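Chain letters run A, B, ... following the sequence lines, proteins first, then strands; residues in each count from 1. Just so we're clear, the structure is a prediction, and the values are computed from it rather than from any experiment.
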Protein chains: 2
Amino acid sequence: MTLDELKAFVSIAESGSFTNASTQLHRSQPAISRRIDLLEDELGAPLFERQGRNVILTAAGEALLPHAQTVLAAVRDGQRAVEKLNENSREVLSIAVVGTIADSYLVEALRAFQVE
Amino acid sequence: MTLDELKAFVSIAESGSFTNASTQLHRSQPAISRRIDLLEDELGAPLFERQGRNVILTAAGEALLPHAQTVLAAVRDGQRAVEKLNENSREVLSIAVVGTIADSYLVEALRAFQVE
DNA sequence: TAATATTACGTATTACGTAAAGATT
DNA sequence: AATCTTTACGTAATACGTAATATTA
């Protein structure tokens, strides 16, 4: 089991589709599909019922979801805890772009990056 | 961040050395060393103070440890939750060995395998 | 010098994305 | 037909172990 697999699983469960999860996680759809495929293999049980458009959690999926969410939350908490200690020693990142981009795409790109 | 990195980190913290962790996790020492190296890079902070023989947690390591333990516990809980649902449909694994081994190594090997 | 951690490096595994196919409404 | 998921597959990244190199008691 890997964190990427759990991220994919939770994202699908919360967003309702593989496609939504793929955009949330900045991956292609097949990449998400593979992660779930592997996770289901490891666990020996299907996690979603694929009924055409809508994706529904199986019993195994329902059983796993809260634990998976706990895992991801604990990972975030751990990262934040270390970040707090690093606050004193921040680093500088310089970004150089051509002027025409600075006003248009750059702002949006930085915003999207920050969200992650 | 990956689960293997967290496993290595927790194992070292709990066992007191990279070497102990490497045997616990059935990996070579360099593999463990590399996992920690990567984890420290990602977090931007050292997790252990390497003072010769004994390995001590840094402030960042202390901050991370409880969260990492939570992560690993939640992973185990999730696996168990799904396993419970699978209990009805167990599978059979047949193992064939030469007779002389059956009495000596096999028992120990199965015990070691089960512990994981 | 004995025990431990880190580099170096070659091989094997795994992961991604694109493209194509399958399936469902 | 349109939307979504899965296969197939080639390339790129990652992980492991062995061997060699520090480093410390």
Atom CD1 in A:Ile36, atom CG in A:Leu47: separation rounded to 0.5 Å?
->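 Between A:Ile36 CD1 and A:Leu47 CG, I get 6.5 Å after rounding to 0.5 Å.
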
Which residue pairs pass the side-chain hydrogen bond (donor to acceptor under 3.5 Å, both in side chains) test with at least one member in residues 60-85 of chain B, sequence neighbours excluded?
->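 Residue pairs with at least one partner in residues 60-85 of chain B: B:Glu14-B:Gln69.
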
Tell me, please, which residues at least two apart from A:Glu5 pass salt bridge (Lys or Arg N to Asp or Glu O under 4.0 Å).
->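 Per chain and number, A:Glu5 pairs via salt bridge (Lys or Arg N to Asp or Glu O under 4.0 Å) with no residue.
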
Base, sugar-phosphate, or nothing for B:Ile36, non-hydrogen atoms under 4.0 angstrom?
->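 No contact at all - B:Ile36 keeps every heavy atom at 4.0 Å or more from the nucleic acid.
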
With a non-hydrogen cut-off below 4.0 angstrom, is A:Leu25 in contact with a base, only sugar-phosphate, or nothing?
->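 Contact class for A:Leu25: none.
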
Hey, which sits more toward the 5' end of DNA chain C by its nearest nucleotide, A:Thr2 or B:Thr19?
->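 Taking each residue's closest nucleotide, the earlier one in sequence belongs to B:Thr19.
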
Tell me the interatomic distance from [X], atom [atom1], to [N], atom [atom2], rounded to whole angstroms.
X: B:Asp37; N: D:dT14; atom1: CG; atom2: P; result: 14 Å
X: B:Asp41; N: D:dA13; atom1: CG; atom2: P; result: 17 Å
X: B:Met1; N: D:dA15; atom1: CE; atom2: C1'; result: 18 Å
X: B:Ile56; N: C:dT4; atom1: CD1; atom2: C1'; result: 15 Å
X: A:Leu38; N: C:dT13; atom1: CG; atom2: C1'; result: 12 Å
X: B:Glu49; N: D:dT23; atom1: CD; atom2: C1'; result: 16 Å

So, do B:Val55 and B:Glu49 sit near enough that their side-chain heavy atoms are less than 4.5 Å apart?
->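 The answer is no, as the side chains (C-beta and beyond) never meet within the 4.5 Å cut-off.
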
Whether each nucleotide of nucleotides 16-25 of chain C has a protein heavy atom under 4.0 Å at its base (B), only at its sugar-phosphate (S) or at neither (-) is summarised, 5' to 3', as BBBB----BB

A:Phe18 vs A:Phe48 aromatic rings, parallel, tilted or perpendicular, using cut-offs 30° and 60°?
->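 If you compare the ring of A:Phe18 with that of A:Phe48, the planes turn out perpendicular.
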
Any sub-3.5 Å donor-acceptor pair from B:Asn86's side-chain atoms to A:Leu43's backbone N or O?
->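 Yes; judged by distance alone, with no hydrogens or angles, the pair exists.
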
A:Thr19: partners by side-chain hydrogen bond (donor to acceptor under 3.5 Å, both in side chains), with sequence neighbours left out |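 With neighbours one apart ignored, the set is A:Gln29.
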
Return the set of residues passing side-chain hydrogen bond (donor to acceptor under 3.5 Å, both in side chains) with B:Glu42 (not counting sequence neighbours), or none when no residue passes.
->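 Once residues adjacent in sequence are excluded, B:Glu42 has no partner under the side-chain hydrogen bond (donor to acceptor under 3.5 Å, both in side chains) criterion.
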
Difference in axis direction between the ends of the helix from C:dT1-D:dA25 to C:dT25-D:dA1, five pairs, 10° =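 Roughly 40°, once rounded to the nearest ten degrees.
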
When you look at CZ of A:Arg50, are more than 12 heavy atoms from neighbouring residues, nucleotides or ligands closer to it than 6.0 Å?
->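 Count over threshold, so yes.
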
